[in-house]
Structures are given as C-alpha cells and as structure tokens.
Amino acid sequence: MMNRLFFSALLFFTIALSHHPVKAQSTSAMPAKIEVDFSRAVGPMTPVWAWFGYDEPNYTYMKDGKKLLTELQALSPVPVYVRAHSLLVTGDGTPALKWGSTNAYTEDANGNPVYNWKIIDSIFDTYIKRGMKPLAQIGFMPEALSVKPQPYKHNWKPGDPYGNILTGWAYPPKDYDKWRELVYQWVKHSVDRYGQKEVESWYWEVWNEPNGYWKGTQEEFFKLYDYAADGLKRALPTARIGGINIAGTSSTGATQWMNAFIKHCISGTNYATGKIGSPIEALLFHAKGSPRLVDGRVRMNMAPQLKDIAAGFKIAASYPETKNLPLIIGESDPEGCAACGMATNPSNAYRNGTMYSSYTAATFARKYALADQYNANFVGAVSWSFEFEDQPWFYGFRDLATNGVDKPVLNVFRMFGKMSGQRVEATSNRMYPLQTALESSIRGPQTDIGALASKDEKTAAVMIWNYHDDDLQGPAEPIEVTFKKLPNKSLKLTHYRIDNEHSNSYEVWKKMGAPQSPGSAQIKELENAGQLKTLGKSKKIKTKTGDFVLTITLPRQGVSLLKIDWE
C-alpha cells in the first residue's frame, strides 16, 4: 500500500492530468462520412474480444474478482475464456502484485509428490459456475521442483525493476518426469471434477513468454513443453494444447523463437516420447503497443501491437501444419505492465478515461482486418486487464474495474457483446488505412473516425470511434452515417455512447472530488455511472428501401454503437 506522501502526489498527478487538458484544433469543417452496406458480408463477427487475463490468479475468487467475472460473462453471448498466470506456483494463496500461488505441488520429507488442488479448484470453480472457460496455463515451476528454488517469492512493487519478479518459479524442473506427472494429475483431476466434455472445451498452454519469463535454454523449454503435453494427453487425449505465447512477436528474437517452436512441434524429436513432433492444437503469441509521455501528455502507439499481430499471423500462414490452427493473441494490450500504475509510469495515464476505450475499439477493428488479410483462423485476443483487489481508486492500473466500479473501457466490451452474425462492409473517409496504422499509428492532423459493422438475423450494429494517439480534447465532430440495404423497412435504433458524459465512472468520480473513501451513496452512483448508457431513447425508423442516413456528433476519444433491431 502506498504511503501518505506518495498517494498525495498520485492524486495531484491524476487531477492535474484530468483538469488541465490541452485542446486539439478542430480537425475538419465537413462531416466525416461512413457508409455501411449490410448486404455485403466480409467475414464472421467472431467474438475474439471475449478473452481476458491477469497475473494474480488469487483475485479470481475474491469479492471484486467474482463481481467482475460475473459481469464479463453477462456481457458476452458466448463463453468467455480466461487466462491467468502462476497456477502451479508454491505459496499460501495470498495475492500480491504480479504474484499468485496455489500450492498445487509440494513434496514430503522423502521427496514424494503431494498434490493439493484446493486453491486451483477455487479458481476454476469460479469460472465454470459462470459458464466461462479456462485458457489453462501450465506454469510456473513449483518450489520443490525448481532447479534453483531460492529466492522464490518476490516482493515486487510498482517502480521496481521488472526483472525482480523472476525468482525460483522461472527455472526448469529438476525432474521432468515429476513435471509430467504433475500435469497428468492436474488434468485427470480436472476431468474427474468437471467432466470430459467440459475439459475438452478448454485450451491448455505451457508457460508464458519463454523469451522473458524462462530462465532455461530454448531446448529446455521445448523439453518442458513436450513433457507437459505428454502428461496432458495421457490424462485426456482429446485435450487441446498450444504455445508459445512469445513476447514482442515481430522482433527478430521472438520470430526466431516462434519458428523454432513450430519446427520442433512439426518435425523435432520429442523429448518425452522419443517420437517425431509434439502436439500443437493452437498457436499463441503476444502483441503490445508502446505509449509515452510527450510534452506532458500521453501519446499512444498502436503500430508495435499491430506489427506483432501481423507477424504472428504471417508466421502461422507460412507452415501448412499451422495455417489453419486456431490463433490466439495470448496478451493484446496498449503496453506491457498491467500492475504499473500511472504514478510510476506517467504514460499509463490513458487507462482511466475514454482514451483506453477508443484505442480498444480502433485496434480491435484492425485485428479483424489483419485476420482477413492473412486468412487467419483468429479465435481470440486476450485483453490482459482484470481488477486489483483492495487498491486505491483509479490508481491507474490497466484494469476493467476499480473497487468494483466499472471503468469506461469495459463498456467497449459491452458494445462488442451486442454485435453478432457477420461483419459487413463499412467504409469511412476519415479512417486511417490499415498500412498507415501499422507503420506509424494514428498521428496525422485528423483523428481516426472509423467503423466496424455487423448483421445478424434480426439485428445489426455499427461501432464508431473518434480516436487519436495524442491525448487531447477537441470539439465533437459531425459524422454522416449511411445505412444501406437493411433487410427490413421498420427499424428500432438505439444509440449507445462512451464519452465524458456517458458510461464513464471516472468523470463522475473526479466531479465528486476524487474520494479515496467514497460513501455508500457515492459508490452506488459510481457503479451506475460505470454501466453502458444510451444517448437518448430508442427511435423508430421507417424506410421505403431499407436505406437511411443518420448524422451524429462524436467527441474525440468517444465511441458510439448504433444498434438496429427489427421483427
């Protein structure tokens, strides 16, 4: 917990950023023009957004963790997948930043394995009871198995060197047969507890970011993977396993790792079985952006994140054995440290307000576009953002909620939850080309006003954002939206909005005076403000041809969802 002086500085920093914004110049005198043709499908509206993850697994079954997980599943029409670190780490289950433990594996005085599934069951029970699915991470190394167990538990805090987290849990096992048996016992227990059909619907993966979180060699990692996969398949031959969840996918080193891993799985000698190849039923990799502070304000950068995604899709497409595999971006975020607050990392000040919302909308649309370009079997992008239990209000962690109150970014996912069926053609004269975003992000004189649209049997939706990398405020811009070839002439239009006045608990909290001990009435007001709001009431629209034009205004860093329903 922060000392009084540190918190006072943080509060001043928060309010200073919030109340003294630099204003951008008006970007265009003419309305932006968006056209949506609902008769032209471009691909499935796969709910790739319905994947979330976090470092601290013990938050799962705590008060605010359960509340947020309930909300995440409620907003999604499909089961949400959840990925958490440290599921095999030794400890008593007490959470800390970038730390978690389950005590699943210890040894007795004679070196015999002792398995304890109580805490893991508490985690997975929380998911399963809500209809969610684990993206089950096999890691990290139990203390009794580590070749270098001491020191084991770290005491990292924001501001400390990130490498301090790499302690005894990051090392290879001293006995690979015991490692394999641990995985076998865990999967067998899962099947016994939840049933074969349920566990078959999960994904399993080994470790995390072996080019950073692994203190062994590349070959030792492949051996770790082989033994884990062998234990898993012995317990449940139909279980799905994949890797490699590499960091910085587009970098030369990461690309080398990913190619080497794929080649090992295709044609390498399996360390556990002696046969050729190792099972791989999904390919996973990471993608991160890179914000920084420029002239006292945040400047986002989606280009590195998009380049990582493009690199992962391109590598998968380059092998016949992987080109059709499910592709999962195991972490897909604006930057790389969820537990680093904005007091120690001022460039993280984007996280509380609408900049995080509009960035999320603008980048997910481009993830779909990249998947189309590479013909990728893109099934999920894990947003590494959850909640941090018993921490200061709006501290600036990369989270979806603070003390049980939803942040604006969570409402983007609520918007996505209202989109289904097929993606349809949506064009905008103000949306930056995909190649421009890949090369230089969104840095030009105009903001990025873009659209993502979908159509299902009796509903359609258009998500529109007004985004720019520079965290500046500006006047709301007019946008002319043309709806073409809707299949019904009697429509109901509902306009959902995220901006400073709608779906925004952060702005309400600031207007309260940024209290760190809000009263029960204030908390209720904040919880209400954190929900997705409409801009006015739903409207009935009659058309002769299924076409109509609507003009809206959208503030910089705002997001709208225009949802259309018919009988």
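As the structure is a prediction and not an experimental result, all values here were calculated from the model. Computation of the quantities below employed the complete heavy-atom set of this structure, encompassing side-chain atoms and omitting hydrogens, waters and symmetry-equivalent molecules. Counting from 1, the numbers follow the sequence of the chain as shown.
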Under the side chain to side chain donor-acceptor pair (under 3.5 Å) rule, what do Thr402 and Gln391 come out as? Steps first, then yes or no, please.
-> CA-CA 8 Å; Thr402 176; Gln391 295 289 336; over 6 Å; no
Taken to the nearest 0.5 Å, the spacing of Gln196 CD from Thr238 OG1 works out to 5.0 Å
Would Lys367 count as a cation-pi partner of Phe378, with NZ or CZ less than 6.0 Å from the six-membered ring centre and within 45° of the ring normal?
-> no
Under 6.0 Å between the ring centres of Tyr81 and Tyr203?
-> yes
Hey, is Lys153 close enough to Glu143 for a salt bridge, meaning N to O under 4.0 Å?
-> no
Which atom of Pro158 lies closest to which atom of Gly341, heavy atoms considered = CB-N, 4.5 Å
CD1 of Ile309 to CG of Leu327, rounded to nearest 0.5 Å, is 11.5 Å
Candidate pair Val412 and Tyr356, rule side chain to side chain contact (heavy atoms under 4.5 Å, CB included), full reasoning = CA-CA 9 Å; Val412 172; Tyr356 193 4; over 6 Å; no
If every non-hydrogen atom of Ala254 is compared with every non-hydrogen atom of Ile246, which pair is closest and at what distance?
-> CB-CG1, 3.9 Å
Thr106/Asn116 under side chain to side chain contact (heavy atoms under 4.5 Å, CB included): CA gap, chis, key distance, verdict | CA-CA 8 Å; Thr106 54; Asn116 183 344; over 6 Å; no
Quick one: list whatever passes salt bridge (Lys or Arg N to Asp or Glu O under 4.0 Å) with Arg299, sequence neighbours left out.
-> Asp470
Would you say the side chain of Ile329 lies within less than 4.5 Å of the side chain of Phe285, judging by non-hydrogen atoms?
-> yes
Taking the six-membered ring for Trp, are the ring centroids of Trp214 and Trp257 within less than 6.0 Å of each other?
-> no
Looking at OG1 of Thr363 and CE of Met302, how far apart are the two atoms once the value is rounded to the nearest 0.5 Å?
-> 6.0 Å
Ala260: side chain to side chain contact (heavy atoms under 4.5 Å, CB included) partners, not counting sequence neighbours = Gln218, Phe222, Gln256
Verify whether the ring centers belonging to Trp202 and Tyr127 lie closer than 6.0 Å.
-> no
Heavy-atom donor-acceptor pair, Arg366 side chain to Ala362 backbone, under 3.5 Å = yes
Smallest heavy-atom separation, Trp384 atom then Gly330 atom, equals CE3-O, 4.1 Å
Is it true that Lys188 and Asp192 make a salt bridge, defined as a side-chain N closer than 4.0 Å to a carboxylate O?
-> yes
Before accepting this row, confirm whether a basic side-chain N of the pair Glu107/Lys178 lies closer than 4.0 Å to the acidic partner's carboxylate O.
-> yes
Return yes if some donor-acceptor pair links the side-chain N/O of Ser101 with the main-chain N/O of Gly93 below 3.5 Å, else return no.
-> yes
Close side-chain approach of Ile119 to Tyr61, heavy-atom, < 4.5 Å = yes
State, yes or no, whether a side-chain contact exists between Trp99 and Val89 at a heavy-atom distance under 4.5 Å.
-> yes
Donor + acceptor pair across side chains of Asn352, Tyr395 (<3.5 Å) | no
Parallel, tilted or perpendicular for Trp179 and Trp207, by the 30°/60° rule?
-> perpendicular
Judged by atom type as modelled, is there a donor-acceptor pair below 3.5 Å linking the side chain of Asn58 to the main-chain atoms of Gly100?
-> no
Looking at OG of Ser383 and CG of Leu400, how far apart are the two atoms once the value is rounded to the nearest 0.5 Å?
-> 7.5 Å
Side-chain donor or acceptor of Gln73 paired with backbone N/O of Val78 under 3.5 Å = yes
Rounding to 0.5 Å, atoms CZ (Arg83) and NE2 (His85) come to a distance of 5.5 Å
Among Tyr105, Tyr152, Tyr213, find the residue that satisfies the ring-ring contact (aromatic ring centres under 6.0 Å, His included) test when tested with Trp169.
-> Tyr213
Charged N to carboxylate O under 4.0 angstrom, Glu200 versus Arg240?
-> no
Check: Asp226 side chain, Tyr271 main-chain N or O, donor-acceptor pair, under 3.5 Å = yes
If we ignore angles and hydrogens, is there a donor and acceptor under 3.5 Å between the side chains of Tyr319 and Asn259?
-> yes
Minimum side-chain heavy-atom gap Met45-Tyr368 below 4.5 Å = yes
Exam field: side chain Thr249 to backbone Gly312, donor-acceptor pair closer than 3.5 Å = no
With no hydrogens and no angle check, is any side-chain donor or acceptor of Asp308 less than 3.5 Å from a backbone partner on Ser250?
-> yes
Check the pair Lys314 / Tyr374 against side chain to side chain contact (heavy atoms under 4.5 Å, CB included), numbers first and verdict last.
-> CA-CA 7 Å; Lys314 185 176 181 180; Tyr374 287 98; 3.8 Å; yes
Is there side-chain contact between Ile328 and Glu205, with at least one heavy-atom pair below 4.5 Å?
-> no
Ring centres under 6.0 angstrom apart (Phe413, Phe52) | yes
With distance as the sole test, does Ser505 use its side chain to make a donor-acceptor pair with the main-chain N or O of Asp406 at under 3.5 Å?
-> yes
Is the shortest distance from a Lys or Arg side-chain nitrogen in Lys118 or Asp121 to a carboxylate oxygen in the other one below 4.0 Å?
-> no
Just checking, any donor-acceptor pair under 3.5 angstrom between side chains of Arg130 and Thr70?
-> yes
Output yes when a side-chain donor or acceptor of Arg180 lies under 3.5 Å from a complementary backbone atom of Gly231, and no otherwise.
-> no
Given Tyr184 and Asp230, is the side chain to side chain donor-acceptor pair (under 3.5 Å) satisfied, shown in steps?
-> CA-CA 8 Å; Tyr184 167 77; Asp230 193 51; over 6 Å; no
Starting at CG of Leu88, measure out to CH2 of Trp186 and round the result to the nearest 0.5 Å.
-> 4.5 Å
For the rings on Phe364 and Phe416, is their centre-to-centre separation under 6.0 Å?
-> yes
For residues Ser441 and Met300, determine if any side-chain heavy atom of one lies less than 4.5 Å from a side-chain heavy atom of the other.
-> no
Check whether the side chains of Ser357 and Gln557 place a donor and an acceptor atom closer than 3.5 Å, and report yes or no.
-> no
How far apart are the closest heavy atoms of Pro142 and Leu182, and which atoms are they?
-> CG-CD2, 3.9 Å
In terms of ring plane angle, is the pair Tyr350 and Tyr359 parallel, tilted or perpendicular, where the classes change at 30° and 60°?
-> tilted
Backbone N or O of Gly268 within a donor-acceptor pair of the Lys263 side chain at under 3.5 Å?
-> no
Using a 4.5 Å cut-off on heavy atoms from C-beta on, say whether the side chain of Ile523 contacts that of Trp393.
-> yes
Heavy-atom closest contact (Pro279 atom, Tyr225 atom, distance) | O-OH, 2.7 Å
Of all heavy-atom pairs linking Pro392 and Gln516, the shortest is CA-OE1, 3.4 Å
Side-chain heavy-atom pair Leu72, Met132 within 4.5 angstrom cut-off = yes
Option among Glu387, Glu389, Glu527 that satisfies the salt bridge (Lys or Arg N to Asp or Glu O under 4.0 Å) test with Lys67 = Glu527
